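Okay, so here's the structure we're looking at.
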Amino acid sequence: NLAACVSIIINQYSRFAVPFFFAVSGYLFGLKTGPDMLQNRGHLYSYIERLIKIWLFWYVFYLLHTISFAQISNHGFVKTVYWRFITFFSESSWQTIVFEGSGFHLWFLPALSICMALVYFIYEGWGGRYLLVFALALYMFGLVIGIYSRTPVGWNIGLNSRNGPFFGSLFVSVGFLVSKGSIRFPPLGWLFLWLAGAIVLTFEVRYLYLIYGSTLVSEMDFSLATL
């Protein structure tokens with residue numbers, strides 16, 4: 001129905017913010033890298049360190065913000081915090097603990113850290129051409145185990161392909177290679193790609209939702225048209 005279609009469109013178009021953030025992050029990091037390999041690695045480790053610190057801060061914050069004053073007054077602060085942590089780590093899956101954290105929306109911080117390291121070391125070792133091929137292969141595999149997992153070509157392995165290196169690596173790679181001048185495209189070309197992708201995206205997610213029942217949240221974080 002119309003309401004379901006509108007929900008799909010809004011849900012998917014709002015997801016372009018994270019790929020754009022990944023691409024910009026790759027671009028800005030690429031601008032900092034030069035011929036000095038040790039200096040480049042220093043920039044990489046510093047960048048990842050900042051991301052991890054931000055992630056850990058909000059990890060702890062979202063664990064603590066659910067604690068009420070009544071719980072603290074009844075059981076004491078230390079005991080309440082202890083059991084909050086124990087409960088979270090005992091009831092959460094390893095994917096949630098490692099790749100997301102206490103807030104489901106924090107997934108992009110560890111994902112960006114992994115993608116940034118992966119992109120840099122592949123580029124350093126094999127160059128931009130192999131980097132794009134590898135990143136595209138990861139993206140396609142993420143589609144197979146993600147949004148297309150319920151289709152005949154899919155493979156359901158119980159892994160949330162949004163997390164880790166599967167989708168983010170390609171966007172970081174594109175941003176990184178644009179900063180190096182390896183990818184050149186006129187502004188009108190980018191606009192055309194965006195419009196074409198938006199049209200294809202609408203039909204793709206609608207088809208997968210109506211025919212195969214791909215859920216809007218867990219499986220449609222990224223799609224083929226997001227490229």
Side-chain angles (χ1 to χ4, degrees), residues 8 11-12 14-23 25-26 44-45 47-67 81-122 134-173 204-205 208-209 212-227:
I8 292 172
N11 183 281
Q12 289 304 306
S14 63
R15 297 178 188 272
F16 278 99
V18 172
F20 179 74
F21 173 73
F22 274 47
S25 298
L44 174 67
Y45 298 150
Y47 188 85
I48 291 177
E49 182 183 5
R50 289 198 301 271
L51 288 175
I52 297 301
K53 284 181 178 179
I54 294 172
W55 180 59
L56 290 176
F57 172 82
W58 289 108
Y59 202 128
V60 174
F61 176 84
Y62 284 114
L63 278 174
L64 297 180
H65 96 288
T66 56
I67 297 175
V81 170
Y82 171 78
W83 281 111
R84 177 68 185 97
F85 277 75
I86 291 297
T87 301
F88 173 79
F89 287 107
S90 61
E91 295 181 353
S92 301
S93 67
W94 69 270
Q95 291 187 61
T96 300
I97 295 171
V98 176
F99 293 117
E100 296 180 13
S102 54
F104 70 92
H105 56 288
L106 298 177
W107 68 269
F108 75 94
L109 291 169
L112 181 57
S113 301
I114 296 171
C115 294
M116 198 70 75
L118 198 63
V119 166
Y120 173 74
F121 285 113
I122 292 177
F134 184 79
L136 186 59
L138 279 177
Y139 193 95
M140 299 308 293
F141 181 74
L143 292 178
V144 169
I145 65 174
I147 188 175
Y148 284 89
S149 61
R150 299 188 183 188
T151 69
V153 299
W155 184 25
N156 189 353
I157 60 175
L159 183 67
N160 189 340
S161 58
R162 175 200 64 183
N163 300 329
F166 299 109
F167 289 126
S169 295
L170 183 59
F171 302 114
V172 174
S173 298
E204 179 190 14
V205 295
L208 291 171
Y209 174 67
Y212 296 104
S214 295
T215 56
L216 294 175
V217 176
S218 62
E219 296 169 6
M220 287 193 177
D221 289 284
F222 299 100
S223 68
L224 184 61
T226 310
L227 287 171

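In what follows, every heavy atom counts, from backbone to side chain, and hydrogens, waters and symmetry copies are set aside. Remember, it's a predicted structure, so these values are computed and weren't measured experimentally.
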* Are Phe171 and Phe21 close enough that some pair of their side-chain heavy atoms sits under 4.5 Å apart? ->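 Side-chain contact under 4.5 Å: no.
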* **Side chain proximity check, Val172 to Met116, heavy atoms < 4.5 angstrom** =>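 Answer yes - side chains close enough.
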[atom1]/[X] to [atom2]/[Y] distance, rounded to the nearest 0.5 angstrom?
{"X": "Phe167", "Y": "Met140", "atom1": "CZ", "atom2": "CE", "value": "9.5 Å"}
{"X": "Asn160", "Y": "Ser93", "atom1": "CG", "atom2": "OG", "value": "9.0 Å"}
{"X": "Leu143", "Y": "Leu138", "atom1": "CG", "atom2": "CG", "value": "11.0 Å"}
{"X": "Leu64", "Y": "Arg84", "atom1": "CG", "atom2": "CZ", "value": "8.5 Å"}
{"X": "Leu56", "Y": "Leu106", "atom1": "CG", "atom2": "CG", "value": "10.5 Å"}
{"X": "Phe85", "Y": "Ile67", "atom1": "CZ", "atom2": "CD1", "value": "7.5 Å"}

* Asked: Going through the checks in order, is the side-chain contact (heavy atoms from CB on, under 4.5 Å) test met by Gln95 and Leu159?
  -> CA-CA 8 Å; Gln95 291 187 61; Leu159 183 67; 3.2 Å; yes
* In terms of the angle between their ring planes, are Trp94 and Phe99 parallel, tilted or perpendicular, with boundaries placed at 30° and 60°? ->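 Ring orientation of Trp94 relative to Phe99: perpendicular.
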* To do: Take the angle between the ring planes of Trp107 and Phe22 and call it parallel below 30°, perpendicular above 60°, tilted in between.
  =>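 Judged by the thresholds at 30° and 60°, the geometry between Trp107 and Phe22 is tilted.
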* **Derivation and outcome, side-chain contact (heavy atoms from CB on, under 4.5 Å), residues Tyr47 and Leu112** => CA-CA 10 Å; Tyr47 188 85; Leu112 181 57; 3.7 Å; yes
* Asked: Picking from Ile54, Ile52, Ile97, what satisfies side-chain contact (heavy atoms from CB on, under 4.5 Å) with Tyr59?
  ->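 Going through Ile54, Ile52, Ile97 one by one, the side-chain contact (heavy atoms from CB on, under 4.5 Å) with Tyr59 is satisfied by Ile97 alone.
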* **Partner of Ser113 by side-chain contact (heavy atoms from CB on, under 4.5 Å), out of Leu118, Ile48, Leu44** =>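 The residue from Leu118, Ile48, Leu44 that satisfies side-chain contact (heavy atoms from CB on, under 4.5 Å) with Ser113 turns out to be Ile48.
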Taking all non-hydrogen atoms of both residues, which atom of [X] and which atom of [Y] are closest, and how far apart?
{"X": "Thr151", "Y": "Tyr148", "value": "OG1-O, 2.7 Å"}
{"X": "Pro165", "Y": "Cys115", "value": "CA-SG, 3.8 Å"}
{"X": "Ala135", "Y": "Ser173", "value": "CB-OG, 3.6 Å"}

* Tell me, please, which residues at least two apart from Val144 pass side-chain contact (heavy atoms from CB on, under 4.5 Å). =>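 So Val144 forms a side-chain contact (heavy atoms from CB on, under 4.5 Å) with Trp155.
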* **Whether Ser90 side chain and Thr87 backbone form a donor-acceptor pair below 3.5 Å** =>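 Between the backbone of Thr87 and the side chain of Ser90 there is a qualifying donor-acceptor contact (under 3.5 Å).
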* Walk me through it: do Ser169 and Phe134 pass the test side-chain contact (heavy atoms from CB on, under 4.5 Å)? => CA-CA 9 Å; Ser169 295; Phe134 184 79; 6.0 Å; no
* What residues, two or more places apart in sequence or in another chain, satisfy ring-ring contact (aromatic ring centres under 6.0 Å, His included) together with Tyr62? ->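 Expected list: Trp58, His65, His105.
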* Asked: Can you list every pair that meets salt bridge (charged side-chain N to carboxylate O under 4.0 Å, His left out) and has a residue in residues 93-102, with sequence neighbours left out?
  ->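 Applying salt bridge (charged side-chain N to carboxylate O under 4.0 Å, His left out) to every pair that reaches into residues 93-102, excluding sequence neighbours, yields Glu100-Arg162.
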